[in-house]
There are 2 protein chains.
Amino acid sequence: MPGELFHPEIENVTLAQVLAALDDPMRLRIVKVLVHDPDTGERTCTSFRLPVGKSTLTHHFRILREAGLIRQVDRGNSRKAQLRREDIDRRFPGLLALVLAEGTAPETDPAD
Amino acid sequence: MPGELFHPEIENVTLAQVLAALDDPMRLRIVKVLVHDPDTGERTCTSFRLPVGKSTLTHHFRILREAGLIRQVDRGNSRKAQLRREDIDRRFPGLLALVLAEGTAPETDPAD
DNA sequence: CTCATGGTAAGGGCTGGATCGTACCTCCCT
DNA sequence: AGGGAGGTACGATCCAGCCCTTACCATGAG
């Protein structure tokens, strides 16, 4: 698992960037799952059971990460994703509430 | 100026729709202007001084209207746009605050 | 009436970005 | 050591959506 991952300072993230990141069914779905997750859930990419190939997943998770929405940490074998809740609430107060209010959490496999 | 314009009930607007509408520099800019506008400003499309052709303007304003973000009313010669402030605040509380917090209002011609 | 202004409708060009397939890497397990 | 699982990188394809041009329609002013 090569080099360190780029995580932007939340202050440097623009609203436009976040809107672009959320303007995609897959990515909105990912964030919905994370925001509904009771514990500060670290989840593998594949646990979301998204109907796309592996490389497409990598693509989406990178965009979410570069938009400051998620953190990705290497946990030995796999790479876990985690919502940057506090950061987002500070930089974009009310944003997560909007996502939370919209519908319920899509199906996933919380085991991973 | 043909037929009546379609304005969706705010309850039927989805978050995805709004995110899609705001995920465009032109449209985000339009909403920024409107949200900064002190009076409940009715403004003509051209008053925004956007660097695109007329038909492109029509395109963007339609998308904003169909996303429930603006209201468009015929005022004789021209067609004025207005932010649906109360509706948006009810359906997506906090959304306009996010736009408001992001930067200042772009240049326009408030006269129109 | 005539014309300028503000706007819409339809059609086409172009590009960004979502997707996939393949190849490759790394860690864990046996 | 060897294999499988989870991820990344790169290249190619494809399509939605932005933008423009052209043609057209109202309205209001002169």
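Sequence lines set the chain letters: A, B, ... in the order given, protein chains first and strands last, and positions in each chain run from 1.
Of the possible donor and acceptor atoms, one in the side chain of B/Arg91 sits under 3.5 Å from a partner among the backbone N and O of B/Val13.
Between A/Arg79 and A/Glu42, none of the side-chain N atoms (NZ, or NE/NH1/NH2) sits under 4.0 Å from a carboxylate O, so this pair counts as no salt bridge.
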Are there any protein N/O atoms within less than 3.5 Å of an N/O atom in nucleotides 28-30 of chain D, and if so, which ones and at what distance?
none

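Taken to the nearest 0.5 Å, the CG atom of B/Leu69 stands 9.5 Å off from the CG atom of B/Leu34. Distance check, rounded to the nearest 0.5 Å: CG of B/Leu50 to CZ of B/Phe61 gives 6.5 Å. Atom CE in B/Met26 sits 6.0 Å away from atom NE2 in B/His60 (nearest 0.5 Å). Atom CG of residue A/Leu83 and atom CG of residue A/Asp37 lie 9.0 Å apart, to the nearest 0.5 angstrom.
One atom, CZ of B/Phe61, and another, P of C/dT8, lie 9 Å apart when rounded to the nearest Å. A/Arg79 places its CZ atom 12 Å from the C1' atom of D/dA9, with the value rounded to the nearest Å. Residue B/Arg62 contributes atom CZ, which lies 9 Å from atom P of C/dA10 at whole-angstrom precision. The distance from atom CZ of B/Arg49 to atom C1' of C/dG6 is 13 Å, rounded to the nearest whole Å. The CG atom of A/Leu57 sits 13 Å away from the P atom of C/dA18 (whole-angstrom rounding). At whole-Å resolution of the value, CG in A/Leu50 and P in D/dG6 are 14 Å apart. The distance from atom CG of A/Asp74 to atom P of C/dC28 is 11 Å, rounded to the nearest whole Å. Across the protein-nucleic acid pair, B/Lys80 atom NZ and C/dG6 atom C1' stand 11 Å apart, rounded to whole Å.
With sequence neighbours excluded, no residue forms a side chain to side chain donor-acceptor pair (under 3.5 Å) with B/Gln17. Residues meeting the salt bridge (charged side-chain N to carboxylate O under 4.0 Å, His left out) test with A/Glu11, sequence neighbours left out: A/Arg90. Residues passing the salt bridge (charged side-chain N to carboxylate O under 4.0 Å, His left out) test with B/Arg27: none are found, sequence neighbours excluded.
Residue A/Ser78 has no polar side-chain atom (N or O) positioned under 4.0 Å from OP1 or OP2 of D/dG6. Under 4.0 angstrom from either OP1 or OP2 of C/dT5 there lies no side-chain N or O belonging to B/Thr46.
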Given protein heavy atoms under 4.0 Å, the one-letter contact record of nucleotides 12-20 of chain D, with B base, S sugar-phosphate only and - none, is simply ------SBB
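In this structure, B/Arg29 forms no cation-pi arrangement with B/Phe48, as its terminal cationic atom is not both closer than 6.0 Å to the ring centre and no more than 45° off the ring axis.
For B/Arg84 against B/Ile10, the heavy-atom pair with the smallest separation is NH2-N, 3.8 Å.
For residues 64-73 of chain A, proximity to DNA chain C is found at no residue, defined as any non-hydrogen atom under 4.0 angstrom from a strand atom.
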